[in-house]
2 protein chains.
Amino acid sequence: MPGRKISVSAKDVAARAGVSRAAVSRTFTPGASVSQETRSKVLEAAEALGYQVNHLARGLTSQKTGIVALIGADLATPYRSELIRVLTERLQASGRVAILINTDRSDSTVDVALQQAIRYRAEAAVVLSGMPERSISELCHRNGLRLVLINRDDAHTGSVQIRLNDAEAARVALASFLRAGCRRLALASSQAGTPSLLDRENSFLAEAEKRGLPVLCERLGPTSYESGLALGERLLVRAERPDAVFCTTDLLACGVMDAARHRFALSIPDDLSVIGFDDIEQASWNAYELTTFRQPVEEIGAAAVDWLSDRDAADGSRIIHLTAPMSWRKSVRGGNGK
Amino acid sequence: MPGRKISVSAKDVAARAGVSRAAVSRTFTPGASVSQETRSKVLEAAEALGYQVNHLARGLTSQKTGIVALIGADLATPYRSELIRVLTERLQASGRVAILINTDRSDSTVDVALQQAIRYRAEAAVVLSGMPERSISELCHRNGLRLVLINRDDAHTGSVQIRLNDAEAARVALASFLRAGCRRLALASSQAGTPSLLDRENSFLAEAEKRGLPVLCERLGPTSYESGLALGERLLVRAERPDAVFCTTDLLACGVMDAARHRFALSIPDDLSVIGFDDIEQASWNAYELTTFRQPVEEIGAAAVDWLSDRDAADGSRIIHLTAPMSWRKSVRGGNGK
DNA sequence: ATCTTTTTTGCACACGTGTGCAATGTTCAT
DNA sequence: ATGAACATTGCACACGTGTGCAAAAAAGAT
């Protein structure tokens, strides 16, 4: 056993300050009653000894840990890592700490991740991707674990869902293409089949059908740039090429755009208009200037953390609707249609 | 108080299984002695009740939490988010859990983050950016918190530093430019002044000086794509333009490349060769095809987590040297010089 | 100065787990 | 059958903190 841990405890501080161990505890408990004189003595001793309250013990006695689990896969994608950045910042600002659980591996389902969160008595879990089974709801509820589901379409008792206007955005995308004079429409998506992607896909297709417009539709692989490249090749290799592609995410769109330019020598937006979704950082890069819908990550983060801080919000399930505003850039003919 | 927590405890499981509370504990403690019959009864009862071991209590009694803190700023940049992805995956595979501490805000220094890690009795902290003050070393050591410093240049007792061959890479970059026939050299960096960036800068400049070659050198803003754009403008606006730019990170390089193409209508690599560092995902995108050095994130993650799992490694400080292999793409004239 | 109200303090219990140890039970060897 | 070795079990203590409560001290009102 290389380095036997000898952390300073409240008992050590009490001995040095000449007060009771309870006085030390009260000094570090917001709102507890302790005289100014005792407080000074305790703080001085704590500083001298390097005392740090043991949050494990505190969590045990107070039944509050301040721990919030962030659960998801593909943690390095632009949109997800941005959301993690925002959430950690806001959780910290509200006195909490985030544990990050990666569900990339097949033995790390969302349910397994939630169980791990319960083992650490996390007060909440923010599910960034994947969907909990209904059966785990009861376990979460019984352990006081509140669920925040981002872009998921199935409510759990006591949870909050944060949803975007995916369907509306897809309709706006279609209208933008038509206004730009595009007539040969295409839809590019992955095979992920997540609720958000499906909303965008279905709405785009339904709106086109309502207007009697055919849509060339391709779904392929995971939601990545590489899939976008391949989708571009599939869509653009035809004799009658589309002149507008709605890509359900920006990563796919960047791939489609690169395929169009580098494989087919097309000009964007003259030959092909492209609209994505997410507004990842790369969408604004000069190489893309992609018109897209901006994931309101700051609002999502604020909504999630505010709901967690709202003591009256623990009952029933709730849906928070947020809007993904359009970011006009240069990938659509005619530019800003406002 | 909306939902008073009523988690199932070992006591509840013991009552249901008709055994002692200690038998329950032993059943869930690897290596502890418990008969097959008792184990079955306990597991059955635990399953029926949805029992999850309380890791807070376990951490208190066993003085081991399995918690590892990941500490850093700019969590959403491609390289950092990739490293976080790898670290979380490997930590989980070794039975640990990661807490993620974001140091973007001015009130969240690395030292404050380390104190938070100590409060949760984390067994280790992986510092992804920023540098701990020397004074906190003793506190970490006393609380059994081991430090993993990634690309930092100052050792702390009992810590491990994982360093790359930044200097060597910069020399290879220079040699590659020369071999490609480039003669007007430039260096583009940010003002971050981190150990890795400085190594790359200093080595590139020193090697050029050794060969009697002048280098046009610009440093600007944070380490971002936007800084790269601005650096590109500064470097390329001159009458005598450089024909080769070593950018200390890929984000800067993408910005420089976009400035060259979109602001100065230059062709890469014909008019300008560019080499970056990191091999972020975007470096391989068709819009960039950037020649760069690949951050060995899998190796970094493995080295960090393996060191944490190595019980004999707790004493002294250590440096692990890893190599960033070159990724040849199309941003240098003449291509692969091997 | 006396009484009332408020603040402060220390004690002892709780939270939920792991484990040393004595007692008990089981298995193996003679 | 007996003794030795090994496995198992429950008890009671520890870990480090927050807090209810009774007692004491301090502050305010008359």
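As a basis for the values below, the full set of heavy atoms in this structure was taken, side chains included, without hydrogen atoms, waters or symmetry mates. To find a chain, count down the sequence lines: A is the first, B the second, and so on, and within it residues start at 1.
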Handout entry: For atom NZ of B:K64 and atom P of C:dT19, their distance in whole Å
Key = 10 Å

Practice task
Indicate whether OP1 or OP2 belonging to D:dG10 is found under 4.0 Å from a side-chain N or O atom of B:S20.
Solution key: yes

Exercise for the section: Using whole Å, report how far CG of B:L60 lies from C1' of D:dG16. Expected result: 5 Å

Exercise for the section: Take atom NZ of A:K11 and atom P of C:dC11, then tell me their distance rounded to the nearest Å. Expected result: 13 Å

Problem - Donor-acceptor pair under 3.5 Å, A:R121 side chain vs C:dG16 base - result: no

Problem - Below 4.0 Å: OP1/OP2 of C:dG18 and any side-chain N or O of B:S62 - result: no

Exercise for the section: Show your reasoning for whether side chain to side chain contact (heavy atoms under 4.5 Å, CB included) applies to A:I101 and A:V112. Expected result: CA-CA 10 Å; A:I101 307 185; A:V112 169; over 6 Å; no

Problem - Minimum-distance pair of heavy atoms, taken over all atoms of A:R58 and A:T29 - result: NH2-OG1, 4.0 Å

Handout entry: Full working for side chain to side chain contact (heavy atoms under 4.5 Å, CB included) between B:I67 and A:Y120
Key = CA-CA 10 Å; B:I67 292 174; A:Y120 284 91; 3.8 Å; yes

Completion exercise
Separation of D:dG18 atom P from A:H55 atom NE2, nearest Å, is 9 Å

Fill in the blank from the handout: When rounded to whole Å, the CD to P distance for the pair B:Q63 and C:dG18 reads 13 Å

Completion exercise
Residue pair B:A57/B:V34 against DNA chain D: nearer the 5' end by closest nucleotide is B:V34

Practice task
Check the distance between C:dC11's P and A:R26's CZ and give it to me in whole angstrom.
Solution key: 11 Å

Exercise for the section: Would you tell me if any nitrogen or oxygen in the side chain of B:T38 comes within less than 4.0 Å of OP1 or OP2 on D:dT9? Expected result: yes

Practice task
State whether B:S33 places a side-chain N or O below 4.0 Å from either non-bridging phosphate oxygen (OP1 or OP2) of D:dT8.
Solution key: yes

Practice task
Tell me what B:A22 touches on the nucleic acid: a base, only sugar-phosphate, or nothing, going by heavy atoms under 4.0 Å.
Solution key: base

Handout entry: Sub-4.5 Å side-chain heavy-atom contact between A:P296 and A:L164
Key = yes

Exercise for the section: Indicate whether the side chain of B:R96 and that of B:S309 have a donor and an acceptor atom separated by less than 3.5 Å. Expected result: yes

Exercise for the section: Indicate, with a heavy-atom threshold strictly under 4.0 Å, whether B:S9 touches base, sugar-phosphate, or nothing. Expected result: sugar-phosphate

Practice task
Respond yes when some side-chain nitrogen or oxygen of B:Y120 is under 4.0 Å from OP1 or OP2 of D:dT17, and no when none is.
Solution key: no

Practice task
Report the distance from atom CZ of B:R21 to atom P of D:dA12, rounded to the nearest whole Å.
Solution key: 12 Å

Handout entry: Side-chain N,O (B:S35) to OP1/OP2 (D:dT9) below 4.0 Å
Key = yes

Fill in the blank from the handout: A:Q36 atom CD is separated from D:dA27 atom P, nearest whole Å, by 13 Å

Practice task
Establish, with yes or no, whether the OP1 or OP2 oxygen of D:dG18 is under 4.0 angstrom from a side-chain nitrogen or oxygen of A:T29.
Solution key: yes

